[in-house]
Amino acid sequence: MSERIGAGRTVSGGARAVEGRFLALLDVEDLKRAIDEKPEHLIVFIAHPNVTMIAPIYGRLAGIVCASGDEAAHVAIVARELSLPCAVQVSLERELGDLEGHRVRLEPGGELLLLD
Amino acid sequence: MSDSEELLRRFGEAVKLFLTRAGKAQHSSGMFDLRRRTLMGVYAYFDHLDWALDQLDARATAEQIGAAGRGLCGQPFSAQIHGIPWGMLLARENELGLGRDGGDPELVERVLDWWSRAARAYRGQDSDALLPCEDGDRQPAAPAELVWRTLEEHGRPAAEFAQAARTTAALQLYSYVLRGEQRGTTYYHGPYAGADGRTLVVEEFTRMRHNELPWAADPPVIPFDSVCSVLELDGVDARFDLFQGMTTQPVDYRSRLLRTTLLTCDGGEPRELTDQERDGLLEALAGEQERIFREQLSWDADFRISYAIYHYLDFLAPFFAAAGCGEEVMAQARERFAETSARRVREVAAMDPAPPVWARLFGRGGSELFTPLARVGGGRV
């Protein structure tokens, strides 16, 4: 059973669906926590398409979901280089706090599903 | 319309397109003060381009310097060339937005004239186009024959050379961290015609060892200053923007990649990186990226703005090199840019909610982006 929790535009890795744990990286404190706690296999949500917000943990990412940006955004360029699924202009239909740590799936078409 | 007014209009159209397509109006960062830092960088040009052009003009023509950037691993590249009027004109708009006079109109005319001559020479074509948007979003930067020959000589099937993509991905990550969320000295050029209708594009990474960024390791630990990847793409439409970013249709061009290269031009002619060199590069990039990121976390609020002067200094350095300027010119440039930072950073930091230039640029919809020279002070800005 899955629930649609948002959708956006795929700018990288659109051929496959990926699953991971949802993690919002909204500021530097979120990023520092992710660096220290070392969660794995993440689908991260970022507000702005900045590479510096994902660079320190890119090896632990399964996918990237960004609230803004387009195919020319810095994060989209890097996602393509990394062959990492990435959707931009994603509007979420649930509060971020409800999603933290839950398993989600990023579909090839840019749809985001809650799995548990 | 005078030549300068026409150049101002043409450059304004290109900037408008760039800002719109790249969604820059929404761009923000938790790490860096992006809008204020860009303003600090452009003020360094606004304050010192007159002096910088004096140095260049004393030694070489704009055409010679523009043409010097052509080729593989070339510098100055077109993003740096377009950065000249970008710096001058953004700062001018900010000054006008603050109710000031916007500087010397003769300097604006000088900058636009210099830029147009360098940009035309860099493109290396007979056409009048100066900007990608004036030529079907194309950004040639090397003879097509050179790109084709380099691919033929060094190209390897992408399916058997996954390390190339891994390396360019690591270079992109490192570059964005090193440059504080700017593409900076990473750029693309093309498209060049390949065999059987295929498209060739080139991805370049430059100034990784030798640059003006004080947070980069000294002595340098990245083993190469330049890395260059020629990509052979099948069924891909590649388009280039003002600052040599690339977008493609389909978006995910990597799935259409047939052959690729991993070269360096350090030492002159392009040559392949050995496996050992590539592994060493990856190791150095990972270590430096983490070190720089941790250092950036400790930057105070002023430095999250003023770090831009080092980027703009670094963008200017290849022009001085191409003109044959000595180290004494770079030393003067460092002093001058530091002076701008010290004098302006508090004012820029205090511009709230944001420097007026951004409200002007993002709010100008259908009208001209940059204020015409004739509109300010009866011809005097």
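It should be emphasised that the depicted structure is a prediction, and the values quoted were computed from it without experimental measurement. Every chain is numbered from 1 and lettered A, B, ... according to where its sequence line falls, protein lines coming before strand lines.
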Derivation of the salt bridge (charged side-chain N to carboxylate O under 4.0 Å, His left out) call for A:Glu3 and A:Arg94: CA-CA 10 Å; A:Glu3 174 194 346; A:Arg94 295 277 293 268; 2.8 Å; yes
Derivation of the salt bridge (charged side-chain N to carboxylate O under 4.0 Å, His left out) call for A:Glu71 and A:Arg80: CA-CA 10 Å; A:Glu71 64 264 32; A:Arg80 286 192 290 271; over 6 Å; no
Steps toward side-chain contact (heavy atoms from CB on, under 4.5 Å) verdict (B:Glu181, B:Leu34): CA-CA 8 Å; B:Glu181 202 59 52; B:Leu34 298 183; 4.2 Å; yes
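For chain A, the nearby parts of B:Tyr176 are the backbone and the side chain; heavy atoms of each come within less than 4.5 Å. Residue B:Thr247 touches chain A through its side chain alone, counting heavy-atom pairs closer than 4.5 Å. Of the atoms belonging to B:Glu290, not a single heavy atom falls under 4.5 Å from chain A. Residue A:Asp27: no heavy atom, backbone or side chain, is found under 4.5 Å from chain B. Only the side chain of B:Phe32 comes within less than 4.5 Å of a heavy atom in chain A; its backbone stays farther off. For A:Val28, the part lying under 4.5 angstrom from a heavy atom of chain B is the side chain only. Contacts between A:Ile35 and chain B at a heavy-atom distance below 4.5 Å involve the side chain alone, from C-beta outward. Contacts between B:Tyr188 and chain A at a heavy-atom distance below 4.5 Å involve the side chain alone, from C-beta outward. When heavy atoms are compared at a cutoff of 4.5 Å, B:Leu297 approaches chain A solely by way of its side chain, counted from C-beta outward. Contact annotation for B:Gln182: only backbone heavy atoms (N, CA, C, O) come within less than 4.5 Å of a heavy atom of chain A. Of the two parts of A:Ile77, only the side chain, counted from C-beta on, holds a non-hydrogen atom closer than 4.5 Å to a non-hydrogen atom of chain B. No part of A:Leu25 comes within reach of chain B, as not one of its non-hydrogen atoms sits under 4.5 angstrom from that chain. Proximity to chain A (any heavy atom under 4.5 Å) is shown, for B:Arg166, by neither the backbone nor the side chain.
By the 4.0 Å N-to-carboxylate-O rule, A:Glu81 lies close enough to B:Arg254 to be salt-bridged with it. Salt-bridge check for A:Glu40 with A:Lys38: failed, with every basic side-chain N at 4.0 Å or more from each acidic carboxylate O.
A side-chain donor-acceptor contact under 3.5 Å links B:Ser175 and B:Thr186.
With rounding to the nearest 0.5 Å, the separation of CD in B:Gln139 from CG in B:Leu131 is 8.5 Å.
Tested against B:Cys228 for a side-chain contact (heavy atoms from CB on, under 4.5 Å), the candidates B:Thr168, B:Leu262, B:Val202 yield a single pass: B:Val202.
Formation of a donor-acceptor pair under 3.5 Å by the A:Ser12 side chain with backbone atoms of A:Ala76 is not found in this model.
With chain A as the partner, the residue from B:Gln296, B:Arg183, B:Glu203 showing the most heavy-atom pairs under 4.5 Å is B:Glu203.
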